Amino acid sequence: MKKFMIASACVIGLGGAAVGVSQFSASADDEVVGGVSQDQSESQEQNNTNSGLLSVEEISEIANQDYPGKVVDIDLESDDGVKKYDLDIIGEDYKYEVEYHAETGEFLKRTRKNH
């Protein structure tokens with residue numbers, strides 16, 4: 001009886017470990033872009049396309065034309081009912097925090113900080 005209980009505990013423990021490893025490897029396979037996983041980014045883009053908002057790629061291209069560098073974070077926010085993208089861009093000498101209108105791509109605001 002004791003051997004049966006020990007064997008059962010081992011099987012349950014191994015099963016739990018296998019589930020944990022598969023969950024870890026699944027999340028590790030997701031590429032993170034701008035603080036958002038690739039799956040989340042694709043889902044957000046699908047929602048944005050349906051709602052008339054510019055995609056993450058479109059707003060990144062617009063921002064990089066104005067501020068060359070690497071986009072490291074993109075957030076979609078609403079300020080007084082106006083949807084906007086907040087982007088963090090790292091240039092050669094500065095870090096830029098810029099805001100663009102999420103539907104039109106119109107430039108709204110820029111903050112420049114030293115690295």
Side-chain angles (χ1 to χ4, degrees):
M1 182 67 172
K2 221 180 215 188
K3 288 181 183 181
F4 177 73
M5 291 178 63
I6 292 173
S8 297
C10 288
V11 169
I12 291 171
L14 289 174
V19 169
V21 168
S22 72
Q23 289 296 320
F24 176 75
S25 69
S27 64
D29 291 341
D30 292 343
E31 180 182 348
V32 174
V33 177
V36 179
S37 76
Q38 189 66 31
D39 291 339
Q40 290 171 328
S41 178
E42 290 171 2
S43 173
Q44 181 180 15
E45 285 180 44
Q46 182 67 28
N47 291 339
N48 293 352
T49 302
N50 294 337
S51 64
L53 301 178
L54 295 171
S55 71
V56 171
E57 278 81 18
E58 290 170 322
I59 204 65
S60 293
E61 287 177 25
I62 292 170
N64 275 148
Q65 289 173 2
D66 296 337
Y67 303 97
K70 181 178 180 179
V71 176
V72 295
D73 190 33
I74 300 175
D75 294 314
L76 178 62
E77 297 182 357
S78 183
D79 188 17
D80 293 328
V82 176
K83 295 209 182 261
K84 64 181 183 173
Y85 281 110
D86 290 336
L87 296 91
D88 292 337
I89 302 172
I90 296 179
E92 285 187 32
D93 298 322
Y94 296 95
K95 177 181 178 182
Y96 298 100
E97 295 176 9
V98 294
E99 295 178 7
Y100 287 89
H101 193 281
E103 293 175 349
T104 66
E106 176 187 356
F107 173 79
L108 299 174
K109 181 180 173 185
R110 177 197 79 182
T111 304
R112 186 173 89 171
K113 298 181 177 185
N114 292 333
H115 278 286

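Only a predicted model underlies this, so the values are computations on that prediction, with no experimental measurement involved.
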### Message
What's the separation between atom CD1 in Ile89 and atom NZ in Lys95, rounded to the nearest 0.5 Å?
### Response
11.0 Å
### Message
Measuring from atom CG of Asp93 to atom CZ of Arg112, what distance do you get when rounded to the nearest 0.5 angstrom?
### Response
8.5 Å
### Tyr100 side chain to Asp66 side chain, donor-acceptor N/O pair below 3.5 angstrom
yes
### Summary
So OG of Ser60 and CG of Leu87: to nearest 0.5 Å the spacing works out to 6.0 Å
### Query
Any idea how Tyr67 and Phe107 line up, ring-wise: parallel (<30°), tilted (30 to 60°), or perpendicular (>60°)?
tilted
### Query
Honestly curious: do Leu76 and Val98 fall in one hydrophobic cluster under the side-chain, below-4.5 Å linking rule?
yes
### Query
Can you tell me how far the CD1 atom of Ile59 sits from the CD atom of Glu99, to the nearest 0.5 Å?
11.0 Å
### Query
Between Glu103 and Leu54, what is the shortest heavy-atom contact and its length?
O-CG, 3.7 Å
## Note on the structure
Glu61 meets the side-chain hydrogen bond (donor to acceptor under 3.5 Å, both in side chains) criterion, sequence neighbours left out, with none
### Query
Is Ile62 linked to Tyr96 within one hydrophobic cluster, defined over Ile, Leu, Val, Met, Phe, Trp and Tyr using a side-chain heavy-atom separation of less than 4.5 Å?
yes
### Message
Applying side-chain hydrogen bond (donor to acceptor under 3.5 Å, both in side chains), can you list everything that pairs with Arg110, at least two apart in sequence or on another chain?
### Response
none
### Task
Mind checking side chain to side chain contact (heavy atoms under 4.5 Å, CB included) for Glu77 and listing every partner two or more places apart, or none if nothing turns up?
Asp75, Lys84, Asp86
### Message
Which residues pass the side-chain hydrogen bond (donor to acceptor under 3.5 Å, both in side chains) test with Asn64, not counting sequence neighbours?
### Response
none
### Message
Please enumerate all residues that pass side-chain hydrogen bond (donor to acceptor under 3.5 Å, both in side chains) together with Thr104, with sequence neighbours excluded.
### Response
His101
